[in-house]
Amino acid sequence: MVRRIDVTGAGGLRLAAWEFADPPKSDPPRTPPAPGVLLLHGLMGRASHWASTARWLSERHRAVALDQRGHGQSDKAPEGQYTREAYVEDVEAALEQLGLAPTVLIGHAMGALTGWQLAAKRPDLVRGLIICDMRASALGAASQREWEDWFKAWPTPFATLADVRKWFGEDDPWVERPNPSRGEFYAEVMHESADGWRPVFEPEQMLKSRQTWVYDAHWEELAQVRCPALVVRGLDGELGRAEAQEMVRVLPHGQYAEVADAGHLVHYDQPEAWRAAIEPFLDGVLTGQDR
């Protein structure tokens, strides 16, 4: 079952939240409700990227994935409303409207940054945090220029979804070796238009979102996260081991995990190893044995 739930984000923006399985059932009426998990995709992602994770999480949790502003089936914000504050306020509002708090936040890349910024701001809403392949250090102007050039290199519109999969999985200059899961990841964010397949998001809006964090470091906010937190990296991802371990040290209750044979898209590259990496942490959060 896939169920869409509309919530209202910052500035009245309509956001789409998704459940990908039936929520856990409470047998006797007095059984406490299943603990909530909110899944936050990265830049250019969408809630459906979490579908397989959400399905196994739903065995024990109420797992909901959110299309963030400008992504998936959520509304595109007006000019200039892609600030860090807006993203964080969206998640804050979604948690309260969905009744998920206190929740475990699982975030990939930009979604992980949103997660730890919310955990620092509203510790009452977050009982646990999983940070997947997101750096705390500043990336700088050169990184932003690389992204601008990369978007310009996309051969849009793509004639078919097979062309999308091939370009992002093999032909993209950012691909070091063939990566079918990367092709599938980007095929998920395309929609068919009159002239071919194009992304559901506006690349210019993605760049505006990115520029609100790329020039700054985020160590101070990381240090303010009081809940248990797990930093997960793909062995070949964008977050290096030394920085990941420093993030664990800075977090008051930080833990570390890495997934072999995975790049930046850890949960897509190695879904079973991803589950094995995060499930013990989730069990610890539930039982209070994570500190």
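For clarity, every value in this text was computed on a predicted model and none was experimentally measured. Below, all heavy atoms of this structure are taken into account, side chains as well, without hydrogens, waters or symmetry copies.
Under the 4.0 Å criterion applied to side-chain N and carboxylate O atoms, D283 and R60 are assigned as salt-bridge partners. R14 and D67 are not joined by a salt bridge, as no carboxylate oxygen comes within less than 4.0 angstrom of a charged side-chain nitrogen. Under the 4.0 Å criterion applied to side-chain N and carboxylate O atoms, D172 and R182 are assigned as salt-bridge partners. A salt bridge does not link R69 to D75: none of the charged side-chain nitrogens sits closer than 4.0 Å to a carboxylate oxygen. A salt bridge between E92 and K121 is present, with a side-chain N of the basic residue lying under 4.0 Å from a carboxylate O of the acidic one. In this structure, D133 does not pair ionically with R233, as no charged nitrogen and carboxylate oxygen lie closer than 4.0 Å. In summary, R62 and E19 engage in a salt bridge, as defined by a charged side-chain N under 4.0 Å from a carboxylate O. Between R135 and E238 there is no salt bridge, since none of the side-chain N atoms of the basic residue sits less than 4.0 Å from a carboxylate O of the acidic one. The pair R165-E184 meets the salt-bridge criterion, since a charged nitrogen lies less than 4.0 angstrom from a carboxylate oxygen. Salt bridge absent: E148 and R145 never bring a charged side-chain N and a carboxylate O closer than 4.0 Å. Salt-bridge formation is detected for the pair E59/R275: a Lys NZ or Arg NE/NH1/NH2 atom is positioned less than 4.0 Å from an Asp or Glu carboxylate oxygen.
In terms of heavy-atom proximity, A65 sits nearest to F20 at CB-CE1, 3.9 Å. For A63 against L57, the heavy-atom pair with the smallest separation is CB-CB, 3.9 Å. The minimum heavy-atom distance between G111 and L40, with the atom names listed, is O-CD1, 3.5 Å. The minimum heavy-atom distance linking L161 with A187 is given by the pair CD2-O, 3.9 Å. The two atoms that bring Y215 and A138 nearest to each other are O-CB, 3.8 Å, heavy atoms only. Listed here is the closest heavy atom pair of L66 and A47: C-CB, 3.9 Å.
Hydrophobic clustering of Ile, Leu, Val, Met, Phe, Trp and Tyr side chains at less than 4.5 Å, counting indirect connections, keeps L235 apart from V248. Hydrophobic clustering, with ILVMFWY side chains joined whenever heavy atoms are under 4.5 angstrom apart, groups L43 together with Y186. Both L113 and I131 sit in one connected hydrophobic cluster of ILVMFWY residues. Membership requires side-chain heavy atoms under 4.5 Å apart, directly or through other members. The same ILVMFWY cluster, assembled from side-chain heavy atoms under 4.5 Å apart, contains both L38 and L15. Note on V7 and W18: separate hydrophobic clusters, where clusters join Ile, Leu, Val, Met, Phe, Trp and Tyr whose side-chain heavy atoms are under 4.5 Å apart, directly or indirectly.
For the residue pair T160 / W197, no side-chain donor-acceptor distance below 3.5 Å is found, with atom types taken as modelled. Using modelled atom types, one finds a donor on one side chain and an acceptor on the other under 3.5 Å when comparing R210 with S143. Remark: the R46 side chain and the Q68 side chain contain no N/O donor-acceptor pair separated by less than 3.5 Å.
Side-chain atoms of L207 and Q144, non-hydrogen and from C-beta on, do get closer than 4.5 Å to each other. Put simply, the side chain of R122 reaches to within 4.5 Å of the side chain of E96, judged on heavy atoms. Looking at heavy atoms from C-beta onward, L129 lies out of side-chain contact with L230 at the 4.5 angstrom threshold. Residues C227 and V225 are in side-chain contact: their nearest non-hydrogen atoms beyond the backbone lie under 4.5 Å apart.
Between Y82 and Y87, the ring-plane angle classifies as tilted under the 30° and 60° cut-offs. The aromatic rings of Y268 and H49 stand perpendicular to each other, their planes meeting at an angle above 60°, with 30° marking the opposite boundary. Note on ring orientation: taking the six-membered ring where Trp is involved, the planes of F168 and W150 are perpendicular (angle over 60°, cut-offs 30° and 60°).
Side-chain atoms of Q270 come within 3.5 Å of backbone atoms of D261 as a donor-acceptor pair (strictly under, hydrogens ignored). Of the possible polar contacts, none joining the D163 side chain to the F158 backbone as a donor-acceptor pair under 3.5 Å is found. In terms of modelled atom types and a separation under 3.5 Å, the side chain of E170 and the main chain of N179 share no donor-acceptor contact. Counting only distance, with no hydrogens or angles, the side chain of Q255 and the backbone of V231 share no donor-acceptor pair below 3.5 Å. For the pair S193 (side chain) and G196 (backbone), a donor-acceptor distance under 3.5 Å is present.
Within the model, atoms CZ of R226 and CG of L251 stand 10.0 Å from one another, a figure rounded to the nearest 0.5 Å. Residue L95 holds its CG atom at 11.0 Å from CG of D90, rounded to the nearest 0.5 Å. Here the straight-line distance linking atom CD1 of I130 with atom NE2 of H108 works out to 13.0 Å at 0.5 Å rounding. Atom-to-atom distance recorded for S74:OG and F201:CZ is 14.0 Å, nearest 0.5 angstrom. Rounded to the nearest 0.5 angstrom, T53 OG1 and W274 CH2 are separated by 6.0 Å. Interatomic distance, M206 CE to M44 CE, rounded to the nearest 0.5 Å: 8.5 Å.
Not less than 6.0 angstrom separates the ring centroid of W219 from the ring centroid of W116.
Atom CD of E279 sits in a crowded spot, with more than 12 heavy atoms from other residues, nucleotides or ligands closer than 6.0 Å.
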Trace of the side chain to side chain contact (heavy atoms under 4.5 Å, CB included) decision for D6 with R4: CA-CA 7 Å; D6 284 341; R4 172 176 172 159; 2.8 Å; yes

Go through V37 and I106 one step at a time and tell me if the side chain to side chain contact (heavy atoms under 4.5 Å, CB included) criterion holds. CA-CA 7 Å; V37 177; I106 302 179; 3.7 Å; yes

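Among residues two or more places apart in sequence or in another chain, the ring-ring contact (aromatic ring centres under 6.0 Å, His included) test is passed with H218 by none.
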